[in-house]
Structures are given as structure tokens and as C-alpha cells.
Amino acid sequence: MENNKVTISVIKADVGGLCGHTLAPDELLEACEAVLEEAVDEIILDYYVTRCGDDIDLIMSHKLGCDNEKVHGLAWKAFEEATKIAKELKLYGAGQDLLSDSFSGNVRGMGPGCAEMEFVERKSEPIVVFCCDKTDPTAFNYPLFKMFADPFNTAGLVFDPSMISGFRFEVHDVVGHKKVFLDTPEEMYMLLALIGDYEKYAIKRVYRRRDNEIAAVVSTEKLNYIAGEYVGKDDPVAIVRAQSGFPAVGEVLEPFANPHFVPGWMRGSHWGPIMPVGEEDATPTRFDGPARVIALGFQVCDGMLIGPNDLFADRGFDKAREKALEMADIIRRMGPFQPHRLPATMMEYTTVPKVLEALEDRFIPLEGLELIEEGGITRKDRGDVE
Ligand code: F6R
Ligand code: MG
Ligand code: MG
């Protein structure tokens with residue numbers, strides 16, 4: 001039977017930067033393009049290769065469904081070819097996101113990040129692909145909530161009858177490795193109770209409740225958990241379907257007009273604003289940032305990717321960029337102090353345990369407490385200790 005569904009796969013990896021962690025150079029993108037070009041009509045229907053900072057993003061359309069071995073293998077091969085060049089040029093962090101020497105069926109858990117969705121193409125199928133650098137997948141919690149659950153952002157939630165029944169959020173507990181589905185508008189407060197906590201919860205998918213159609217998907221692989229040690233922040237990608245019963249393209253982009261704070265930035269260990277930019281400006285250099293997000297609009301047409309339209313290149317986002325830079329100035333002043341610095345559990349790497357180890361023998365009891373104990377009121381009396 002003819003498969004009437006199309007799959008969009010966005011698979012990303014950082015396989016080397018020029019210089020430091022700032023940019024995946026053209027040579028690497030070209031290497032990936034050559035591999036994907038070979039696979040047109042064999043594995044994929046169409047592709048577009050882009051970058052955000054030091055991450056290469058392979059945007060592919062095909063008929064093989066999500067988690068397909070051939071498609072994932074193709075992405076892996078593209079990253080391997082790019083890695084060869086990265087190593088030849090001694091680019092920084094060459095091959096860093098390919099955590100294994102060999103591919104074993106799926107890129108998940110092997111370093112690259114991946115967002116995929118399969119759907120029956122509508123009469124007209126506008127999608128927006130977001131690619132980020134210097135942040136992590138929770139960067140999408142706030143904008144996806146606004147797109148699909150906030151009527152002050154998305155007028156369609158109020159005025160489009162096909163959206164009035166709301167959306168279903170698939171939320172992942174990325175630490176506990178479990179998931180929960182929450183329906184808006186009814187369960188909005190419970191949803192917020194979870195997704196406002198970037199340490200633990202990430203929105204993985206959003207569905208339209210009326211017909212369970214997939215509306216959005218985010219890459220939520222966390223490299224630091226996968227590898228058990230620091231190997232690079234999992235700069236995320238996302239796909240969002242737009243218009244005719246989904247938020248309009250402008251509603252999909254609107255949450256980024258007022259930049260929010262995300263974890264990431266320098267050493268994956270700082271809060272900072274996420275700045276919406278066109279492809280040309282996806283070059284994070286100030287304090288290795290601030291975090292960037294690009295938004296590429298495509299029309300999917302019989303499985304082909306028409307476009308992209310570089311949506312954040314629009315002057316309409318100039319002010320958002322200015323605001324993001326102001327927010328960057330303000331929070332940078334805090335240097336190594338919170339709230340610029342992330343809490344210990346969210347830092348990509350930290351010397352604090354080593355500092356504590358080195359100081360172990362130098363910590364002495366607080367004098368005040370000794371005096372209290374000498375004066376007869378012991379900590380035990382107060383119930384502070386057993
Ligand atoms: C953040 C990032 C960079 C690096 C930083 C130090 O995600 O990639 O900010 O963490 O440039 O890099 P290393 O430890 O490789 O010197
Ligand atoms: Mg990097
Ligand atoms: Mg990166």
C-alpha cells in the first residue's frame with residue numbers, strides 16, 4: 001500500500017568548530033550536503049543543511065517514518081564525513097558529538113540530537129524548523145507553552161474554532177526517564193508546575209487534541225546524561241506545524257519577540273537570553289553566546305522542502321535582538337555569581353566538587369554554635385541534631 005505519510009527528520013550534531021565552539025564552517029556543511037545529495041530518491045526525498053553556531057542541522061524529508069535506521073544511518077554518515085574534514089583542519093572539538101566509532105541503528109544515545117514527525121501532508125503544509133546553539137532542550141518549554149497554550153500569544157486559541165479544544169503536551173522527566181501527557185487549557189497549571197522547572201522537565205511533543213495530530217516535536221537527548229560526563233550541551237532543534245488549525249507562523253514566532261532566559265551559554269553553565277537571529281547571524285561569539293535560535297519556514301510539497309524562508313531575519317525581530325543584548329549585559333555583570341551561574345546540578349561542568357575535596361580538612365565548626373553549646377543551650381536541645 002502506498003504510504004501517504006511524509007516524515008520530517010531534523011538531526012543535528014556538533015562535529016567541530018572554527019574557532020573554538022563558535023561556528024561549523026562551510027566545509028563541514030558541504031561534506032554533509034554531498035552525502036545527503038547521494039541519498040536523494042534512495043533514502044530521502046529532499047534535504048536542507050544549515051548551521052546554528054557550531055552545530056550542523058540536517059533537515060530531511062522522506063517516507064520511512066520516525067527512528068528509521070536508514071535515515072539515521074545517513075545522518076551519521078554525513079557527520080562522519082564532516083568529522084573527517086574537521087579532523088584534517090584540526091577544528092575545535094572535531095567529532096565531539098559522535099560518541100561511538102560505529103553506528104548501531106539509531107542516532108539516539110549516540111551523541112546527535114534528533115526531532116522527527118510523521119504526518120499526512122495537508123493541502124498546504126507550512127512547517128517551522130528551529131535550530132539552537134548554546135542552550136538545551138528546555139529552551140523550548142517557554143515558547144511552546146506560549147504557542148500552544150497562551151491565548152495572549154496565540155490569538156487562534158480564541159478565534160480559530162479548530163483550536164478551541166486545545167493541545168496535549170507530552171512532558172518528559174529527563175532525569176527520571178518517564179513521561180506524562182497534560183491537556184490544556186484544563187491542566188495548564190499542572191503543566192506549568194512541571195515545565196517551569198528546567199532542571200527536570202522538557203516538552204517533547206505537542207498534539208492537537210481535536211484529532212491527535214502531531215503539532216510540534218523537540219530533540220530532548222541530553223548528552224551529559226547519555227555520556228555520563230561532559231561532552232557538550234545538547235543544543236536543541238524543534239519542528240512546529242503551522243496554520244489551518246495550528247498556530248499561524250506569526251504565532252509560532254511570537255514567543256521569541258520577548259527573549260526569555262535559558263540555561264547554557266558559556267561552558268553550558270550560565271543563564272542567558274536566547275536571541276532570535278537569521279541564518280547569517282547564528283554565530284555566537286560573545287562569552288560564547290548568547291544562545292541563538294534560527295527559525296526556517298518550509299512548505300512541504302509532495303514530500304519536498306520548498307524554502308527555506310529565514311523567518312527571524314525579519315526586521316520585526318530587531319528589537320528582540322536588542323533586548324536580548326541588554327539582558328545579556330545585565331546578567332553578565334553577575335559573573336560567577338547566581339543567578340548568572342546555573343545551580344550546581346545544571347552546570348555542564350564545575351570545579352566545585354574538587355574545590356570541596358581540596359578544602360575538606362580546612363573546614364572548621366562555626367564558633368557561634370560552639371558558644372551556644374558551652375552556654376548550656378545545645379544544638380541537640382534546639383532539635384537541630386539528633
Ligand atoms: C558551551 C560551549 C562553550 C565551551 C567553552 C569551553 O556549550 O560549547 O562555551 O564550554 O568554550 O570549552 P572547552 O572546555 O572545550 O575549552
Ligand atoms: Mg561545541
Ligand atoms: Mg553547539
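Starting from 1, each residue takes its place in the sequence as its number. All ligand and atom numbering here is 1-based and tracks the order in the structure.
Within ligand 1, counting atoms from 1 as listed, the ones closer than 4.0 Å to a heavy atom of D288 are 3 (C), 4 (C), 5 (C), 9 (O), 11 (O). Counting the atoms of ligand 1 from 1 in the order shown, those under 4.0 Å from a heavy atom of W265 are 1 (C), 9 (O). Atoms of ligand 1 lying under 4.0 Å from at least one heavy atom of M266, given by number and element, are 9 (O). Close approach of ligand 1 to Y92 is summarised as follows: ligand atoms under 4.0 Å from at least one heavy atom of the residue are 13 (P), 15 (O), 16 (O).
R51 and D133 are not joined by a salt bridge, as no carboxylate oxygen comes within less than 4.0 angstrom of a charged side-chain nitrogen. Salt-bridge check for K179 with D173: failed, with every basic side-chain N at 4.0 Å or more from each acidic carboxylate O. Under 4.0 Å is where a charged nitrogen must lie from a carboxylate oxygen, and between R321 and D318 at least one such pair does. For the pair E322 and K319, the salt-bridge criterion is not met [side-chain N within less than 4.0 Å of a carboxylate O].
The closest approach of D54 to the Mg ion (ligand 3), by N/O/S atoms, is made by OD1. Of all the N, O or S atoms in D14, the one closest to the Mg ion (ligand 2) is OD2. The minimum distance between the Mg ion (ligand 3) and any N, O or S atom of D133 involves atom OD1. Atom ND1 is the N, O or S atom of H21 at the shortest distance from the Mg ion (ligand 2).
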(request) For H72 and F103, run ring pair (Phe, Tyr, Trp, His ring centres under 6.0 Å): C-alpha distance rounded to whole Å, both residues' side-chain angles, the deciding distance at 0.1 Å, then the answer. (result) CA-CA 9 Å; H72 282 228; F103 176 72; 7.3 Å; no
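Ring geometry, F130 versus F312: the interplanar angle falls from 30° to 60°, so the pair is classed tilted. Classification of the W265-H340 ring pair by plane angle, with boundaries at 30° and 60°, yields perpendicular.
Rounded to 10 degrees, the OD2-metal-OD2 angle spanning D55 and D235 at the Mg ion (ligand 3) equals 80°.
Between G20 and ligand 1 there is no heavy-atom distance shorter than 4.0 Å.
By the criterion of a heavy-atom distance under 4.0 Å, the side chain of H21, and not its backbone, is placed next to ligand 1.
Contact check for Y92 versus L18: no side-chain heavy atoms found under the 4.5 Å cut-off.
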